[in-house]
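These notes are about the structure you will find just below.
Reminder, nothing fancy here: chain letters follow the sequence lines and each chain counts from 1.
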Number of protein chains: 2
Amino acid sequence: MPSTAKNTEQELDTRQVILEAAYEEIHVRGFQAASLSKILSSTNVTKGALYHYFPTKLALGYAVVDEILADHIQQQWVQPLLQADDPITTFKNIIMQLGGEITEEDLQCGCPLNNLAQEMAPIDEGFRSRVEAVYRAWRKGIEKALVKGQESGFVNKNVNVTSVATMIVASLEGCMGLAKNSQSKKVLFQCGQSVMDYLESLRP
Amino acid sequence: MPSTAKNTEQELDTRQVILEAAYEEIHVRGFQAASLSKILSSTNVTKGALYHYFPTKLALGYAVVDEILADHIQQQWVQPLLQADDPITTFKNIIMQLGGEITEEDLQCGCPLNNLAQEMAPIDEGFRSRVEAVYRAWRKGIEKALVKGQESGFVNKNVNVTSVATMIVASLEGCMGLAKNSQSKKVLFQCGQSVMDYLESLRP
DNA sequence: TGACAAACATACCACCTGGTATGTATAACA
DNA sequence: TGTTATACATACCAGGTGGTATGTTTGTCA
C-alpha cells in the first residue's frame, strides 16, 4: 500500500479510479450492459490492473454498491437528517438543494441505487442484498430522525415512523424515476413539491 | 394474413407468441440482457420467423411497449377508473386487488413499465418516448377520473389534479420498486397502505 | 545486493450475441 | 397449372464480451 510519498500531487489510488469509472458506466448503461473495455478506456487503466483488484465483474459491481452508493446515501441524506433538530424542514431543504444542483445528465441517468435495484434484484441475490442494506440504512436514518422529531415536538406523534420512512423513500425514488423518463426538471420539481407537501402533513 | 380456417383450435398468431415470450424475457432480464435465443427456445419459433415479423431486436422491444404494456395499463387502471363514479374508492380497490393477485415471481420482477423506463430512457430515445406515451396515458386517465370525482363531489376541489396524478403514479412505482428489491409482500402492502392513506386525504 | 511479492501490462481465447443469406413449403391468385 | 408472395426454417458469421495466462516492472525487506 504505497499512498505515501508517491500519491502526493493528485495521483489517486488505481483501485479508486477504477471504482469511480465503473460507477459512471453502470450509472449510464446499467450493470449488465456496462462494458469493462469502456471502463478501462475511459481511464488509462489496463485490464491487468482491473483484474488485480477485482476478481470478476460482479465483484466490481458489488464494490460500487458497498463503497460508493452507500456513501452517497449516508452523506446526502442520513447524516444531515441525524444532525438536525427539525427533520421535516431539513428533509425539504435536502430535496430542494439536490433538486437545484441536479444536472441534465444526472436527471437522465436517474438514481443509481434505484437503477441497480430494478435491474439486478431479480437476477442476482448478491446485488439485491447489498442494495437492500443501503436502502435499509436510508430508511432507518429517516426513521431515527422522525422519532427524534417526535420527541422534540416537530413531528406528529401519531405517525407510524417506520411506514412513513418507507413511503418517503418510495415516493422519492418514484419521482426520480418518472422525471428521468420524461427528462424534464418540471416533472421532477412538480413531483418533489408533492413529496414536500406530504412531509408537511406530518407536522403535529 | 391467414387466421381463417387454420387458427381455429388454439394456434395463436406466431407474431403474438413471439411478443408474449419477449415480454416475459424482458420482464425478467431487462431489454438489453434479453436474449433472442432464449425467447426462441422458450417457444418453438425459429429465428427466421422472428426476423420475418420484426426487423430488429429494438423493433421487437418497441412492439412490446406499444402493444402489451400500453394494453396492461389501460385495462388494469385507466378503464376501471373512468367507468367508476368514486375514483378514490375505485383506486383503492384496484390497488388491493392487484396486491392480492400478485405472485412471488411478479413481485420479484416488478413493474415492467418502470423497468424499461429506468433501463432504456437514458440510452434509447425510441424506448423513452414510447414508455412516456404509456405513462402519459396512465396519468391522464387518473387526472380525468379525479376531475370527474371533483364534479360529483367525491374529490376535494382544491387538489391540483395534474400533480396529484403524477404523484400517485410516482408513489405506486416507488412502492413496487422497493418491494421488488426487498422481495417482501409485507413491504408492498405497508407501502400500498400509505398510498391509500394519501388517496383518502384527497376527499372533500 | 538478492529475493520476493505486489502492481500492473499485453496478448489471447472461448463464448455468446444480434443479424443475415439462403433455402423451402404453402397458400392465393391469374 | 404456373407464378408469386408469404411464412417460415437452417446455417452461418463478424463483433464484442468477460476472463485468463503470461510477462514485466517496481517497491520492500533481509
Side-chain angles (χ1 to χ4, degrees), chain A residues 1-26 28-64 116 119-120 123-124 126-127, chain B residues 1-26 28-64 116 119-120 123-124 126-127:
Chain A
M1 241 172 278
S3 85
T4 45
K6 195 187 166 190
N7 300 8
T8 38
E9 297 251 311
Q10 81 246 38
E11 283 194 29
L12 285 168
D13 232 33
T14 302
R15 202 189 106 102
Q16 202 63 24
V17 168
I18 297 171
L19 218 61
E20 272 158 29
Y23 163 71
E24 286 184 21
E25 247 283 299
I26 293 172
V28 179
R29 316 246 168 200
F31 174 76
Q32 297 177 95
S35 155
L36 294 186
S37 320
K38 274 174 193 158
I39 292 173
L40 297 176
S41 67
S42 82
T43 60
N44 51 0
V45 173
T46 64
K47 199 167 258 191
L50 196 159
Y51 276 92
H52 174 70
Y53 289 105
F54 303 97
T56 160
K57 186 190 179 187
L58 205 59
L60 175 59
Y62 289 173
V64 167
L116 278 177
E119 180 189 4
M120 299 306 293
I123 54 182
D124 184 86
F127 259 112
Chain B
M1 237 172 283
S3 84
T4 46
K6 196 186 167 191
N7 301 5
T8 39
E9 296 250 313
Q10 81 247 37
E11 283 194 32
L12 284 169
D13 233 31
T14 302
R15 204 189 105 100
Q16 202 63 25
V17 168
I18 297 170
L19 242 128
E20 273 159 27
Y23 163 72
E24 286 185 21
E25 247 284 298
I26 292 172
V28 180
R29 315 246 169 200
F31 174 76
Q32 298 177 93
S35 156
L36 295 186
S37 320
K38 274 173 194 158
I39 292 174
L40 296 175
S41 67
S42 82
T43 60
N44 51 2
V45 173
T46 65
K47 199 167 259 193
L50 196 159
Y51 276 91
H52 174 70
Y53 289 104
F54 303 96
T56 160
K57 188 191 179 187
L58 206 57
L60 174 60
Y62 289 173
V64 167
L116 278 177
E119 180 189 4
M120 299 307 293
I123 53 183
D124 184 85
F127 259 112

When the nearest nucleotide of DNA chain D is assigned to A/Phe31 and to B/Asn44 on a heavy-atom basis, which residue is associated with the more 5' position?
B/Asn44
Identified side chain to side chain contact (heavy atoms under 4.5 Å, CB included) partner of A/Thr43 from the options A/Ile18, A/Val17, A/Leu50
A/Val17
Would you say a side-chain N or O of A/Ser35 is under 4.0 Å from OP1 or OP2 of D/dT17?
yes
Determine: side-chain N/O of A/Ser37 to OP1/OP2 of D/dT17, distance under 4.0 Å, yes or no.
yes
As a test of reading the structure: which of C/dC8, D/dC8, C/dA11 is closest to the side chain of A/Lys47, going by heavy atoms?
C/dA11
d(B/Tyr51 OH, B/Leu60 CG) to nearest 0.5 Å is 8.5 Å
For residues 50-64 of chain A, which residues have at least one heavy atom under 4.0 Å from DNA chain C?
A/His52, A/Tyr53
Can you confirm whether the side chains of B/Asp13 and B/Tyr53 place a donor and an acceptor under 3.5 Å from each other?
no
Looking only at C/dT10, C/dG19, C/dC8, the nucleotide nearest the A/Ala49 side chain is C/dC8
Determine whether B/Lys57 and B/Phe31 make a side-chain contact, defined as any pair of heavy atoms from C-beta on separated by less than 4.5 Å.
yes
Keeping B/Gln32 on the side-chain end and A/Gln32 on the backbone end, is there a donor-acceptor pair under 3.5 Å?
no
Rounded distance in Å - CG (A/Leu40) to C1' (C/dT10)
13 Å
Under the salt bridge (Lys or Arg N to Asp or Glu O under 4.0 Å) definition, can you give me all pairs with a residue in residues 29-53 of chain B, not counting sequence neighbours?
B/Glu25-B/Arg29
